[in-house]
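For reference, the structure discussed in these notes is given below.
The structure displayed is predicted, hence computed values, not measured ones. One is the number of the first residue; the rest follow in order along the sequence.
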Amino acid sequence: MSRFFAQGGSDSEEESDIEEEIQEVQNTDINNRYLQGGSDDDDDTDTKRVIKPTKDKRFEEMTHTVEQMKNAMKINDWVSLQENFDKVNKQLEKVMRITEAVKPPTLYIKTLVMLEDFLNEALANKEAKKKMSPSNSKALNAMRQKLKKNNKLHEDDINKYREAPEVEEENEPEDEDDDDEEDESEFEDDDNQEAVTDEEVDEAADNRWETMLNKKDRQMEKLLSKDPKEITWDWVNQKFKEIMAARGRKGTARFDLVDQLTHLTKIAKTPAQKLEILFSVISAQFDVNPGLTGHMPINVWKKCVLNMLTILDILVKYNNIVVDDTIEPDENETSKPADYDGTVRVWGNLVAFIERIDTEFFKSLQSIDPHTREYVERLRDEPMFLALAQNIQDYFERMGDYKAAAKVALRRVESIYYKPQEVYEAMRKLAELVEEDEDAEDAEEESGPISSFIVVPEVVPRKPTFPESGRSMMDLLVSLIYRNGDERTKARAMLCDIYHHALMDNFGTARDLLLMSHLQDNIQHMDISTQILFNRTMAQLGLCAFRVGMITESHSCLSELYSGQRVRELLAQGVSQSRYHEKTPEQERMERRRQMPYHMHINLELLEAVHLIGAMLLEVPNMAANSLEARRRVISKNFRRLLEISERQAFNAPPENVRDHVMAATRALTKGDFETAFEVLNSLDVWKMLKNRDSILDMVKARIKEEALRTYLFTYSSSYESLSLEQLAKMFDVTEAQVHSIVSKMMINEELHASWDQPTRCIVFHEVQHSRLQSLAFQLTEKLSVLAESNERAMEARTGGGGLDLSSRRRDNNQDYAGAASGGGKWQDNNMNYGQGRQGNNRSGYGGRPGQPRDWSGQNRGGGGGYAARAGSGNRGGMQMDGSTRMVSLNRGVRA
């Protein structure tokens, strides 16, 4: 008992001693500061006022969290580690936002390396893992997944740190110290400005505060304190060389470099010198974001555009200054005064700068969340870029450099081609409003304390000029590119032109441009971004064909897009994940850089609906016509696959998505119930995205009636000897003239062996008996077709994909056995029909190619498919399509 009492007594004595010390400290503070006669001298000497910037507070929070993670590692507490890991990621976002940094701090990278090593040790120790509690083991597994996913984003930084951890740790404190000194100096300046005018307080403040200038402030102080009378061209040139020599060195802050060069532009002595420094300012602004994943800060991007406009002002005002990137930089050139009559050559590349500005704008739209206000605000900056591009193009045209003007014109085309007329009109109105606000802001910024030695007025306009319609603007730009552009520029301009024509529902013009350009023949040899543009153009062309009622052409455009189950990837509207093909982190990063901004997306639900509806209208009559053949002719493999999956289901639930609606409509159309089929398709929500919705739905309803009639004749003609025209018109709610036209086309195309009985207005069906020779010839062609397909598959397996398009070669040599077997090709020209006879009543078979005219055979060019070279992969396996589904089958001879 005494021992416990003694222990308790010692604790109480210690607590009493601490309380006495606290009271003494409090009493001394009260006597010194608050009682009468007290002084603040002791307080001034003993304590110092500490002001912490927000950035330091955030770093301290992150450091404290890292320490907690280290303590959790010591006791193997994975639950606490998981919580602190989520916490440190949130703190990282705050630090990156405050510092406006692109690269995460070294402390965070060091923590990731430490966690990764500790995780590997824990996973390697199997015995310790078995002894863990269920919650701790669950947290370990969750932490493994989170850390693996998170470390992929910072893989390069982690590898650099593992290679040289000491170098990476040395790089971080210097920038932090500079920033700390900046923040401290800012707070000191603010406090000094708020000081009271009393002389005693000023003296006390001077004794308390000492203004410490960091490296940046010292350099700026030298530039600002220079007497304007002593500033000469040599002095400015020397300072310019010193600043440029520090560019890229360790410890050089990029923003400081931009500020120093910007100040030099204001004290330049000659226009050429000002121009040379401005080029360096823009290059330094590009260096602010050195990585490929991030984008340039928006405020820096706007300043960069204003600097480019200033360059154009100088070039327009002083006609003797020529910008050229093929000459060697000569510093003596910039010493020539403003009134110099000869030519002054300055090194620079305006085209490269405008392309980089456009790329940074594109990357910013990729990075910003499209569902936020920030994305909309960023889109409002597009007229600023268009004004700059227009001014640069006009300058090149005045100088006679039409090749460079064509490159700039392509950038303008790529900013406009995907906009409908309504969006184009909205952009015109927005440009006028935005430019007025920016002019007011620029006037405020220019009224600074430092006046420019070389006064450059605003010569070039700051507002873009838009024609009345987007089509007229596209015509002006693409005509310039077609005359003066290189091959890649012409190809991209042609694709943009086709896209815009398709957007305006000019399908005939768009189709003719595509066929005459032969882009579908060599698109697989172009770069991936151009292939993506080609895929987008084909998708828009398919939508256009559907809107104007050309179902066959629409399906031909979209069939190859949907043949490989990679629509998102081919259109650069998402990253597809495959169970059979795993991508490396580098491939994933490259694919993300190619993604289209959200406002340029093509609605995938609408695209899928158009493709499946077109396939349904073509496949349902085709399946009815070839239902009794041994080898059925397939128009859309994707549609057949979805239909087989739907038919295998024991219970068909109410349709939910686009596929379910189309499959339900297909089942109704197969039975001849065209009304139910149209009602199911009419319930889709995608029709709201079309302008002329009512006319398109009327067209779809008319096509459904027509295909229902064709399907009925294919299916039940064997049961009739004759059929009344009036009865068919009543059954399918169409006019007798339409029925007469549809049936006549089927007779002409040899899809239906029948004839008209004019007096009774009936269809009389014929019986055609095949000879023994014809039946044997048909069996032979079937076996030859099977043999040819097996050879093709063996060749593709050996060569690693569709390297040899054997089917196209046979077509070129009139050796398409499968086409001949179904009534096309060479034998059809000899009027020999070896179509298989209908079984049952021994009636005539269906020679010819159902749903297509006879003159389509032999018109396809070999290698006409444009999607063979997919985005992100050079493998063409599985993308080779039959000639009847290629884009080049879009000719004017299509069945109306």
Side-chain angles (χ1 to χ4, degrees), residues 220 223 236 239-240 243-244 247 253-290 295-318 321-325 329 334 346-361 364 381-396 404 408 411 434-435 438-439 441-448 450-464:
M220 289 299 297
L223 295 176
V236 174
K239 289 297 178 183
F240 174 63
I243 296 173
M244 292 305 295
R247 179 184 174 190
R254 298 185 179 94
F255 284 99
D256 300 346
L257 193 68
V258 173
D259 293 340
Q260 295 170 15
L261 289 172
T262 304
H263 178 72
L264 282 184
T265 60
K266 299 177 181 179
I267 60 175
K269 301 299 291 183
T270 63
Q273 188 178 44
K274 185 181 182 71
L275 188 65
E276 182 183 23
I277 299 174
L278 275 172
F279 278 127
S280 300
V281 170
I282 296 174
S283 300
Q285 288 171 337
F286 289 149
D287 291 343
V288 170
N289 176 39
H295 62 90
M296 182 189 296
I298 296 176
N299 57 342
V300 178
W301 184 88
K302 292 181 178 179
K303 292 178 181 178
C304 188
V305 173
L306 294 177
N307 288 333
M308 287 291 293
L309 291 172
T310 306
I311 288 176
L312 288 175
D313 291 334
I314 297 175
L315 293 175
V316 172
K317 184 178 180 181
Y318 303 98
I321 300 179
V322 178
V323 176
D324 191 1
D325 62 338
T334 60
V346 180
W347 187 91
N349 192 335
L350 294 176
V351 176
F353 284 168
I354 191 69
E355 289 178 347
R356 178 66 185 273
I357 289 174
D358 185 26
T359 303
E360 293 295 337
F361 180 74
S364 66
D381 297 332
E382 190 174 21
M384 182 188 299
F385 168 76
L386 290 175
L388 174 62
Q390 181 180 350
N391 290 323
I392 292 180
Q393 181 184 339
D394 293 342
Y395 170 76
F396 281 132
V408 180
R411 293 289 174 167
V434 171
E435 294 296 334
E438 289 180 355
D439 291 342
E441 293 177 3
D442 295 342
E444 292 178 1
E445 291 180 359
E446 288 177 0
S447 59
I450 303 176
S451 61
S452 175
F453 279 35
I454 300 297
V455 179
V456 181
E458 293 186 0
V459 180
V460 297
R462 263 54 176 175
K463 292 183 181 181

Inter-residue atom distance [X].[atom1] - [Y].[atom2], 0.5 Å rounding:
{"X": "D381", "Y": "K302", "atom1": "CG", "atom2": "NZ", "value": "4.5 Å"}
{"X": "K269", "Y": "K274", "atom1": "NZ", "atom2": "NZ", "value": "12.0 Å"}
{"X": "L312", "Y": "L278", "atom1": "CG", "atom2": "CG", "value": "11.0 Å"}
{"X": "C304", "Y": "N299", "atom1": "SG", "atom2": "CG", "value": "11.5 Å"}
{"X": "E355", "Y": "L350", "atom1": "CD", "atom2": "CG", "value": "11.5 Å"}
{"X": "I277", "Y": "F240", "atom1": "CD1", "atom2": "CZ", "value": "6.0 Å"}

- Message: Show, in sequence, the C-alpha distance, side-chain angles and deciding distance for M384 and W301, and conclude whether the side chain to side chain contact (heavy atoms under 4.5 Å, CB included) test is met.
- Response: CA-CA 11 Å; M384 182 188 299; W301 184 88; 4.0 Å; yes
- Item | Under the side chain to side chain donor-acceptor pair (under 3.5 Å) test, residues paired with S364 that sit two or more places apart | R378
- Tell me, please, which residues at least two apart from E276 pass side chain to side chain donor-acceptor pair (under 3.5 Å). none
- Query: Given side chains that start at C-beta, do those of N307 and T265 come closer than 4.5 Å, heavy atoms only?
  - Reply: no
- Measure the shortest side-chain to side-chain distance between M244 and L261 over non-hydrogen atoms and say whether it is less than 4.5 angstrom. yes
Report, one line per pair, each donor and acceptor closer than 3.5 Å where one atom sits in a side chain of residues 387-396; sequence neighbours left out.
residue: Q390; atom: OE1; partner: T465; partner atom: N; Å: 3.0
residue: Q390; atom: NE2; partner: T465; partner atom: OG1; Å: 2.4
residue: N391; atom: ND2; partner: A387; partner atom: O; Å: 3.0
residue: N391; atom: ND2; partner: P461; partner atom: O; Å: 2.8
residue: Q393; atom: OE1; partner: R412; partner atom: NH1; Å: 2.7
residue: Q393; atom: NE2; partner: E397; partner atom: OE2; Å: 3.2

- With F353, which residues qualify under ring pair (Phe, Tyr, Trp, His ring centres under 6.0 Å), at least two apart? F279, F286
- Results of side-chain contact (heavy atoms from CB on, under 4.5 Å) for D358 - residues two or more places apart only: F385, R411
- Task: List for me each residue that meets salt bridge (Lys or Arg N to Asp or Glu O under 4.0 Å) alongside E360, sequence neighbours excluded, and say none if there are none.
- Result: R356, K363
- Carefully, step by step, assess L315 and V322 under the rule side chain to side chain contact (heavy atoms under 4.5 Å, CB included). CA-CA 7 Å; L315 293 175; V322 178; over 6 Å; no
